[in-house]
Amino acid sequence: MITSKLVAVFLLVLLICLTAHSNPVQPLVNDGLKNDPSPLITNETEAWEWVARINPEYEKFQSEKVEADWNHSTNLTEHNAKISVEKKLQLTNFTKRLVSEAMEFDWKNFKDPKLKRLFASMVKRYLNLCEFKISRMYQLNAEMRALFGKAKVCNKTNEPPNKCFVVDPDLEKIMSKSNDTEEILWAWKGWRDETGKKFKDLYEEFVGLYNESTLWIGYKDAGEYLRDVYETPTFVDDLAELMREIQPFYRELHAYVRRRLMAQYPNVSFPTQGHIPAHLLGNMWAQTWENLEPLLRPFPDRPSVDFTDELIKQNYTALKLFQLSDEFFKSLGLIPMPDPFWQKSMIVRPADREVVCHASAWDFYNKKDFRIKQCTTVNSRYFLTTHHEMGHIQYHLQYQNQPIQFKSGANPGFHEAVGDLIYLSTVTPEYLKSVGLLENFVDDEGGDLNFLMNQALSKVAFLPFGYMIDQWRWGVFSGHTPKTLYNKRWWENRCKYQGIYPPVKRTEHDFDAGSKFHVPNNTPYIRYFVAHVIVFQFHEALCKAANNTRPLHRCNIANSKEAGRKLADVLKLGSSEPWQIPFKKLTGVEKMSANALLNYFKPLIDWLKKQNEGEKVGWTEECPPESFE
Ligand code: X8Z
Ligand code: ZN
């Protein structure tokens, strides 16, 4: 009896949910209508007062949600997953209330542009779905996060079967250091078998719910919702144009790398179509190739610009890397990391529990608590990641006095670019020498080209990867790529843009997109592509402010208070202005452009062109036929 009552209640809820969806609340966004006939409030002082009243509560809910997420990500228990879902739901319910109150104001006709923008940002980002669907969506997030975070690959030849390998650092070490192609392939395939493949169904279910939640607020799918934060009607075309500008350089780099790899691995077959096998690029996802530096250094008689050995020799620790980065920010007059940061961050992998190791930076929205979660290994790659994450926290600190609605980057690409911008100075031989990490650099044309090659393997090799992930994901959200084509379309993008192909035949039983953290974690990826382009524009601007006289790639802005001030002025704004305004403030122009990047790499581009004269350059758009079943 009780059971049948329960079933009846469940069916009723389901019915409400389904019918509610056929009559979604999207008019809230589209025309500002509300059911209540009382007139909309036009008094802007009253609106500011309302904001001042609700924001402390908003911050409290947000803060609790972040805390619960942190607790789960740094200790992947079922209990912590449950709490994180609950806290997310509480925040969602609060924002529902918030938006319905906001709709009592005539915000679309507000005169004060800041106030209008603040209201728009609340209403636009609001996810509405009936509770059991939202709850399911959040559960799926937590479940995929845990499956990915806990994944391990076991059963390695010549190792006991119970010896298992995590991706960071175990499998990445194999990918970056091993010359044994069997071993590399074991790590490459093993990681894909233990991640994406295990949650392809969950991902599909998640996509359905996520899409639905964005339909409610008037977007045609989740891709459109995610692109909207860039506030650029031509965004998709602008990205394609940037990709076209960069492609000739990438093709030269690709051709040179391919030739060297063919010589290095004579037993591996390289397809005549021109692609490179994806497991040979020194990285699990072939996203950056700097681990191939020893093989690819243009002038092998000059010492390497890599300083990992030096870090180890000098007994660097994770903490020391973070302190070094903090010093740099301070030298620009920027904000030092506050005490709770040093006390509460997780900067090495804990031995006693399972965690999400992928590095991230956290704002707890209370002006006190800012943390980084990172499983640091002392090496030059983590020197970059450390600056990258510290850049996020610097942004959090700079915009902490903005209302919560504006506590985000001018656009997501800005947020990703801050730490990378600092890194462009700290990676210069000048800076590294000044901190005793690169004593024997030979400062001639050969040394310079070695340096630029290392930078290109990290920054330029990344670009088509940074571009293609969301090309794929937007196709999934729009329905262009159904589950039956997830993997095929993934590889079509990998082949077309990156010029790489799978080292073993792939099928739709695999889900290789899911082996990359940001897919199961639902973190948009185009932000990194944007960041990798604009960071060179920012660097150019700050170098000018610092009165730099050296070539762009050798500019180090350390100690320049002028550059620091220029940067801080923009970071302080958070997302209170459309990004074009802070962008212009910083760079003098309003548009993203690859010119600064191409200028930075000019000597290397010329050198590569010479090396590739008369050699095969490029690859076919389609994958080699053996790629896919
Ligand atoms: O995910 C990250 C950061 C956290 S926002 C570590 N990055 C991308 C990646 O690792 O795939 C930084 C560059 C690209
Ligand atoms: Zn980041």
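We count ligands from 1, going down the list as the structure has it; atoms in each ligand are counted the same way. Note that the coordinates shown come from a computational prediction; the quantities given were computed from them, not determined experimentally.
- A salt bridge links Asp69 with Arg145: the closest approach of a Lys/Arg side-chain nitrogen to an acidic carboxylate oxygen falls below 4.0 angstrom.
- For Glu416, the N, O or S atom closest to the Zn ion (ligand 2) goes by the atom name OE1.
- Side-chain contact check for Arg527 and His415: no donor-acceptor pair (N or O, by modelled atom type) lies under 3.5 Å.
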task = Please step through side chain to side chain contact (heavy atoms under 4.5 Å, CB included) for the pair Glu194 and Phe165, ending with a clear verdict.
result = CA-CA 11 Å; Glu194 293 305 321; Phe165 293 70; over 6 Å; no
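- No hydrogens or angles considered: a donor-acceptor pair under 3.5 Å links the side chains of Glu416 and His388.
- In this structure, a donor-acceptor pair under 3.5 Å is absent between the side chains of Gln374 and Thr385.
- Restricting His392 to its N/O/S atoms, the shortest distance to the Zn ion (ligand 2) is reached by NE2.
- Near ligand 1, Gln287, His358, Ala359, His388, Glu389, His392, Glu416, Phe462, Lys516, His518, Tyr525, Tyr528 each place a heavy atom less than 4.0 angstrom from the ligand.
- Put simply, the side chain of Lys200 gets close to the backbone of Asp510: a donor and an acceptor are under 3.5 Å apart.
- Between Tyr250 and Gln498, the side chains place no donor N or O within less than 3.5 Å of an acceptor N or O (distance only, hydrogens not considered).
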